[in-house]
Amino acid sequence: SEELVEHLKISKFAQVYHVKRLRNVDGHPYVIENTCMPAAIVEDLTLKICQGSIYKYIEEELKLSIGSSHRKMQARKASQAESEILEIPAGDPIIYSSQS
């Protein structure tokens, strides 16, 4: 999107990692986390890295410092897909958070 291109300061043709992860609390689905990162900066991102700490990988392996991130939050009703992942009824209220 234009908003993402502007925020990440990348070309509209640049490749971007879109990482979607499910966080659990006490064994129950709690948060669906969406993160977008420019592939040219966060190189060689793998599934194994995404299953751990992406920020630790960026700082310790790539030796980059994280200057900022942009988190957008909104209250809305859970979509059918989100309700299945979070194991809640469709239409239940959720807080939607995305980060870039």
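Sequence positions, counted from 1, serve as the residue numbers for this chain.
In this structure the side chain of K9 never reaches within 4.5 angstrom of the side chain of H7, judged on heavy atoms. Between Y55 and L64 the shortest side-chain heavy-atom distance does not fall below 4.5 Å.
The NE2 atom of H28 sits 8.5 Å away from the CD atom of E87 when rounded to the nearest 0.5 Å. To the nearest 0.5 Å, atom CD of residue E3 and atom NZ of residue K72 are 4.5 Å apart. Put simply, OG on S79 and CD1 on I94 are 6.5 Å apart, with the number rounded to the nearest 0.5 Å.
Annotation: cation-pi geometry satisfied between R76 and Y96 (NZ/CZ under 6.0 angstrom from ring centroid, within 45° of ring axis).
In terms of modelled atom types and a separation under 3.5 Å, the side chain of Y17 and the main chain of L45 share a donor-acceptor contact. Judged by distance alone, with hydrogens and angles left aside, the side-chain atoms of E84 form no donor-acceptor pair with the main-chain N or O of A81 at under 3.5 Å.
Shown here for I10 and A14, the closest heavy-atom pair between the two residues is CB-CB, 3.9 Å. When all heavy atoms of K77 and G91 are compared, the closest pair comes out as CG-O, 3.4 Å. Here the closest heavy-atom approach between residue G52 and residue R21 is recorded as O-NH1, 2.8 Å. Contact record, V16 with C36: CG1-CB, 3.9 Å, taken as the closest heavy-atom pair. Taking each heavy atom of L86 and V31 in turn, the nearest pair found is CD2-N, 4.1 Å. In plain terms, the two heavy atoms of V19 and M37 that are nearest each other are CG2-CE, 3.7 Å.
With a 6.0 Å radius and a threshold of 12 heavy atoms from other residues, nucleotides or ligands, Q74 has its CD atom above the threshold.
Both I41 and I66 are part of a single hydrophobic cluster, where members link through side-chain heavy atoms under 4.5 Å apart. Note on V25: it does not cluster hydrophobically with L22, by side-chain heavy-atom contacts below 4.5 Å among ILVMFWY residues. Connection of I88 to I85 is established within a shared hydrophobic cluster, with ILVMFWY side chains joined at heavy-atom distances below 4.5 Å, either directly or through further cluster members. I49 and L47 fall into different hydrophobic clusters, where Ile, Leu, Val, Met, Phe, Trp and Tyr side chains are chained together by heavy-atom contacts under 4.5 Å.
Remark: E6 does not engage K12 in a salt bridge, criterion side-chain N to carboxylate O under 4.0 Å.
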Verdict with supporting geometry, E61 and K63, side-chain contact (heavy atoms from CB on, under 4.5 Å):
CA-CA 6 Å; E61 299 297 322; K63 305 294 185 208; over 6 Å; no
